[in-house]
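Inspection log for the structure reproduced underneath, given as structure tokens.
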Amino acid sequence: MKVLKRLLILLICIFILYFVLFHLLGLETKIMRIAYPQEYSEFVIRYAEEYEVDPLLIFAMIKAESDFNPKAKSHNNAKGLMQLMDKTAIELSKQEEVDLYDPETNIQLGTYYFSQLLVKYENQTGIALAAYNAGMGNVNTWIERGTIKKDGSDLENIPYKETNMYVRRILNDYEIYQKLYEDSY
């Protein structure tokens, strides 16, 4: 009986400590902001404003794409913070060479490209995200075949598992960014 009483007292103390540290002192938000940073904010904000995209969505994309590693490179040879392919970057920039490992260049081109996808898919964020990941050709085919709806109301039907999880992850991270930084923008 004494052991049970001590255990109960210990649990109550842990709960009180948790409540004081995380809620009253705001550590929960501080820890979450470490996990969901706003690195490269000067570029994200500049180009998000220029291309009329929510900067918090761009932060969520960068987190998912590269976890803020400007030297990230995928198995498909996508590069940099927003994981762009060389061909896409060259088409977007209208230049023969593009340094996708340069954070400003990558964020500018990635944000511009995503803004074009939002326009093409009538501001359906989930559909635009799917196109950013799987390509417009795949997304157009899925819409034409009725696999997914043009309004994005059935994103769970995205047939590529990687793209399905990608869209879900970014939309979830976007919600977290909105809660953490709602007063910032």
Side-chain angles (χ1 to χ4, degrees), residues 36 38-41 43-68 70 72-95 98 100 103-182 184-185:
Y36 290 85
Q38 291 186 302
E39 294 180 37
Y40 307 101
S41 61
F43 304 134
V44 171
I45 292 166
R46 180 186 316 153
Y47 295 114
E49 286 177 5
E50 184 175 334
Y51 301 123
E52 300 179 354
V53 179
D54 186 346
L56 298 175
L57 180 55
I58 300 301
F59 285 120
M61 291 175 69
I62 293 171
K63 179 168 177 47
E65 289 286 358
S66 66
D67 201 24
F68 295 91
K73 185 175 179 182
S74 76
H75 62 280
N76 290 332
N77 212 30
K79 297 174 183 170
L81 292 166
M82 295 189 73
Q83 291 292 281
L84 293 168
M85 301 294 285
D86 287 317
K87 181 181 176 191
T88 303
I90 289 167
E91 287 174 13
L92 292 170
S93 70
K94 297 177 176 62
Q95 296 177 10
V98 179
L100 289 175
E104 182 174 9
T105 301
N106 196 286
I107 290 169
Q108 179 185 15
L109 293 175
T111 304
Y112 175 64
Y113 180 51
F114 186 69
S115 74
Q116 289 184 319
L117 294 172
L118 282 171
V119 169
K120 177 172 178 44
Y121 295 107
E122 301 172 359
N123 284 321
Q124 296 301 321
T125 302
I127 300 291
L129 287 169
Y132 191 92
N133 181 262
M136 287 186 284
N138 287 318
V139 170
N140 294 341
T141 299
W142 299 336
I143 291 170
E144 288 168 12
R145 291 183 181 165
T147 307
I148 60 173
K149 294 179 184 170
K150 189 177 180 180
D151 67 3
S153 62
D154 61 348
L155 295 173
E156 67 276 1
N157 292 333
I158 293 171
Y160 291 0
K161 184 177 180 180
E162 176 188 331
T163 302
N164 192 310
M165 296 305 296
Y166 172 86
V167 170
R168 290 171 190 250
R169 177 178 178 196
I170 291 179
L171 291 176
N172 181 63
D173 287 353
Y174 181 38
E175 282 184 33
I176 293 169
Y177 269 100
Q178 288 173 316
K179 288 176 187 167
L180 288 173
Y181 300 100
E182 62 190 340
S184 300
Y185 304 97

Q) Between R168 and I158, is a side-chain contact (heavy atoms from CB on, under 4.5 Å) present by the stated rule, with each step listed? A) CA-CA 10 Å; R168 290 171 190 250; I158 293 171; over 6 Å; no
Is there a side-chain contact between [X] and [Y], using heavy atoms and a 4.5 Å cut-off?
X	Y	value
L129	N133	no
Y51	Q108	yes
Y177	P55	no
Q38	L56	yes
L57	F114	yes
L155	I127	yes
Y121	I143	yes
P70	N106	no

Q. Testing I90, L92, D86 for side chain to side chain contact (heavy atoms under 4.5 Å, CB included) with T88, which one passes?
A.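 Single side chain to side chain contact (heavy atoms under 4.5 Å, CB included) partner of T88 among I90, L92, D86: L92.
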Q) Is Y112 atom OH crowded by more than 12 heavy atoms from other residues, nucleotides or ligands, each under 6.0 Å away? A)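 Counting neighbours around OH of Y112, 12 or fewer heavy atoms of other residues, nucleotides or ligands fall under 6.0 Å, so no.
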Q. Would one find more than 12 heavy atoms of other residues, nucleotides or ligands at under 6.0 Å from atom CD of E162?
A.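 Not more than 12 within 6.0 Å, no.
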Nearest heavy atoms of [X] and [Y], plus distance in Å:
X	Y	result
A130	V139	C-CG2, 3.6 Å
Y113	A131	OH-O, 4.3 Å
A134	Y160	CB-CD2, 4.1 Å
Q124	G152	OE1-N, 4.2 Å
S66	G80	CB-O, 3.6 Å
D54	A48	C-CB, 4.4 Å

(Q) So, using salt bridge (charged side-chain N to carboxylate O under 4.0 Å, His left out) as the criterion, who are the partners of D151 when residues are at least two apart? (A)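 So D151 forms no salt bridge (charged side-chain N to carboxylate O under 4.0 Å, His left out) with any residue.
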Q: Please list, chain by chain and in numerical order, all residues satisfying salt bridge (charged side-chain N to carboxylate O under 4.0 Å, His left out) with D67, sequence neighbours excluded.
A: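 Counting only residues at least two positions away or on another chain, D67 forms a salt bridge (charged side-chain N to carboxylate O under 4.0 Å, His left out) with K63.
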Q | N164 (side chain) donor-acceptor with E156 (main chain) under 3.5 angstrom | A |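 Side chain of N164 to backbone of E156, a donor-acceptor pair under 3.5 Å: yes, one is there.
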Q) For the side chain of E50 and the backbone of T111, is there at least one donor-acceptor N/O pair under 3.5 Å apart? A)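 Not confirmed, E50 side chain does not pair with T111 backbone.
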What's the spacing between [X] [atom1] and [Y] [atom2] if we round to 0.5 Å?
X	Y	atom1	atom2	result
L118	Q116	CG	CD	10.5 Å
I107	M61	CD1	CE	11.0 Å
N140	K120	CG	NZ	4.5 Å
I176	Y181	CD1	OH	11.0 Å
Y47	M82	OH	CE	12.5 Å
Y40	I62	OH	CD1	9.0 Å

Q. Is there a donor-acceptor contact under 3.5 Å linking the side chains of Y166 and E65?
A.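 There is such a pair between these side chains.
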Q. Among all residues two or more places apart in sequence or in another chain, which pass the side-chain hydrogen bond (donor to acceptor under 3.5 Å, both in side chains) test with E39?
A.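 Counting only residues at least two positions away or on another chain, E39 forms no side-chain hydrogen bond (donor to acceptor under 3.5 Å, both in side chains).
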